[in-house]
Amino acid sequence: MLENYLIRYGREWERYAWIKARLVNKAVLSEQDQFEKDARLLETIRRPFVFRRYLDFNALAALRDLHGQIREEAQRRSQRREARMAGDYEMVDVKLGPGGIREIEFIGQLFQLIRGGRDPALQSRVCLEVLKLLRDQARISEKEYLDLCAAYEFWRRLEHRLQYEEDAQTHVLSGSAKAYSKMAQAMGLESAEALCLKIEAHRSHVIPIFEKLFRKEAPGLDKIASETKDADNFGETAPGSEPPTPRANDADSRLERLRLRIKAIVREHADAQRLERGLNELLDSLRRRSSYLALFDEYPETLERVAKVMATSSWAASYMQRHPIVLDELLDRRGLDEAGDLDRLAVQLHASLEDAQLNGEPDVERQMDILRETHHGQLFRLLVQDLDGLLSVEHLSDRLSGLADVMIDATLRSAWKATPRRHRQDPQFAVIAYGKLGGKELGYASDLDLIFLHNDTDDMAQEVYARLAKRINVWLSTNTAAGSLFEIDLRLRPNGNAGLLVTDLPGFIDYQEKRAWVWEHQALTRARFCAGDAAIGQAFEQARIQILRQPRQPQALQEEILAMRRRMHDGHPNPSGQFDLKHDRAGMVDIEFMVQALVLEHSHAHAELTGNLGNIALLTIAAGLGLVEAEKAQKVAEAYRRFRRSQHRLRLAGASSARVAPDAFEADRQAVKDLWQEVFDKAPNVIRSLSEIRGKPS
């Protein structure tokens, strides 16, 4: 009956009341096991009613209305009390008055009702715990946190002493000088005046925080309409008719207000028509998601930030439409400007995944959504910093790669717990990253090149880890209601698509030493351990260095590398007439191949070349060792940096490929060609195909 009532009739104030609800009795009329079962059932009813699975920005209006009712009732009570409690000082309601206990609790509970369904840590019943978490998440500043905690502690101490004095459930301090003096003494203050100043100080700290969060500053419909009417004849009505009066919570009226606000916002931008069209398309995609319309309506600055992002990057505009949950990141500028602590993110993500339970078992669907929502939010935060010019391409790639590592590690942990018939508590299993993730050069939409290794001699190991690897692949690549996470490429494992999904570590090392092609050793130059068993990761790195340091015959090595480069070039035809920054001759792939050739040819004598340091750093090391001319290496390093920046800008502009004018970067391309001749000076004049070199089908 309770569940039916809450689903059908439960009101917003009841959600608020149930935040702190908890069971207080023990088993009396039932056996302990049944009592505990019923208690769990009660919690499964309470939590989804209070904490919605989506970001519930409608809660702001509901809490604002509830607070207004509380404030009105408090004022009525105050008026009745004034005749008998007035005095030299202001009569103070420590619980319901401005800046008092209730307003501090409302600050925390606002975030709980909006975000608690997606952030289980926010479901705490303790006000100070919630405030601390909000501080840790940069939802409130350090100063705001300290001010709120100090005020809360002060009001609660004052409340307790009032109740000691009156021996009753009271929250009102009389305005008489005698009452103030007595309470000042009880609070350890010098005088009634000192108490009065203390009260005003705490109020002055709490009230601005409360009003900032609960303000209603959205301009009225008529005001916005009048501002835009001259521009587009908005609002013309039939003679004698009146414009409809919108209801605050009606979706259509919200849409109308927001469309009018968009007209005012886009005036400041150069390409106003394109931006207005994009913003309205975003609104249309959110028509049935009232919570996001409430976000824009309640927090007008968020819509302005969306417009700024959309005006700067069409790729970002598309990303917001695909993943509207990231709009929440635009609420607080402080969170956007922070670099982000990946270790703390990993801890919070792990806690959220652990808490995603269904009938005592992992809720896999919810866990997959949590991974996506977390990644989308963090990626968008980096995107906004990038658009604001706060990140270089190199720093952005480092952070995107670190974020991907966190997501893979969390996926591995959760997928292992959801894997049936596990034969051990912790898997002896590791994920190895290749390519852009391996080299920490990840972009916004880069694929992940991964392989899976294990070092477990148990008879069940291969079968169990194969199931785990499939599960990881599904968790990372499946498109769910929360969107997509990564595209995964597993073809770099031994024997490619024909090979096992998971390879045991000794087998992997044996394959790399005896049967791997040169291009597979090229790939090893940008490979690293990114998640799982650290011991396997360490063993992999030792083996990687050992393999890279194998002596190689220079002419044969260079021929096979050039044969592989030709195959890659043929696989990316460019009939456009433009210069493809990545795939065309003298582009980024050529630079990467030169670095890989230097590593494979010279690492046996120079161990420092085996470091997974990135192409620019390795070029600098090679030049310092005298393996290539320093000036040429420096020019190519600068060219690579410029190519990456240009590729990145094109990506943000929504380009499907990184192609520029045919005469662009002429000096950089010539520098690449000059170094190419020096690096591959030992190659034969005629380069055979890979199949001819290896005597195998290509």
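Along the sequence shown, residues are numbered consecutively beginning with 1. Just so it is clear, the values below take in all heavy atoms, side chains as well, and ignore hydrogens, waters and symmetry mates. Note that the structure is a prediction, hence the values are computed from the model and not measured.
A salt bridge is defined here as a Lys NZ or Arg NE, NH1 or NH2 lying under 4.0 Å from an Asp or Glu carboxylate O, and D56 with R115 fails to meet this definition. For E144 and R135, the salt-bridge test fails: no basic side-chain N is under 4.0 Å from an acidic carboxylate O. The pair K20-E105 meets the salt-bridge criterion, with a side-chain N (NZ, NE, NH1 or NH2) lying under 4.0 Å from an Asp/Glu carboxylate O. Salt bridge annotation for E103-K95: absent, with no cationic side-chain nitrogen under 4.0 angstrom from a carboxylate oxygen. One finds a salt bridge joining R156 and E159 here, because a Lys/Arg side-chain nitrogen approaches an Asp/Glu carboxylate oxygen to under 4.0 Å. With respect to the salt-bridge test (charged N to carboxylate O, under 4.0 angstrom), the residues R40 and E43 do not qualify.
At a threshold of 4.5 Å between non-hydrogen side-chain atoms, the residues R259 and E276 do not count as touching. In this structure, L63 and E12 have side chains that are not in contact, with every pair of non-hydrogen atoms separated by 4.5 Å or more. In this structure, the side chains of L162 and V172 stay at 4.5 Å or more apart for every pair of heavy atoms. Looking only at side-chain heavy atoms (C-beta outward), Y89 and I199 stay at 4.5 Å or farther from each other. Side-chain contact between W155 and R203 is present, with heavy atoms from C-beta onward closer than 4.5 Å. At least one side-chain heavy atom of I325 sits less than 4.5 Å from a side-chain heavy atom of Y292. Residues R289 and L293 form no side-chain contact, since every pair of their non-hydrogen atoms from C-beta on lies 4.5 Å or further apart. The side-chain heavy atoms of F111 and D119, taken from C-beta on, include no pair separated by under 4.5 Å.
Using cut-offs of 30° and 60° on the angle between ring planes, the pair Y9 and Y5 is tilted. Under the 30°/60° scheme for interplanar angles, the aromatic rings of Y319 and F380 are found to lie parallel. Aromatic ring pairs are classed by plane angle as parallel below 30°, tilted from 30° to 60° and perpendicular above 60°; the pair Y299 and F57 is perpendicular.
A ring-centre distance under 6.0 Å is found for H375 and F486.
L353 approaches S414 most closely through the heavy-atom pair CD1-OG, 3.4 Å. Among all heavy-atom pairs drawn from V364 and A418, the shortest one is CG2-CB, 4.1 Å. In terms of heavy atoms, E304 sits closest to I265 at CG-CD1, 3.7 Å.
Between L133 atom CG and L128 atom CG the span is 12.5 Å, to the nearest 0.5 Å. To the nearest 0.5 angstrom, L330 atom CG is 10.0 Å from E301 atom CD. Of the inter-residue distances, the one linking Q109 atom CD with L122 atom CG reads 11.5 Å to the nearest 0.5 angstrom.
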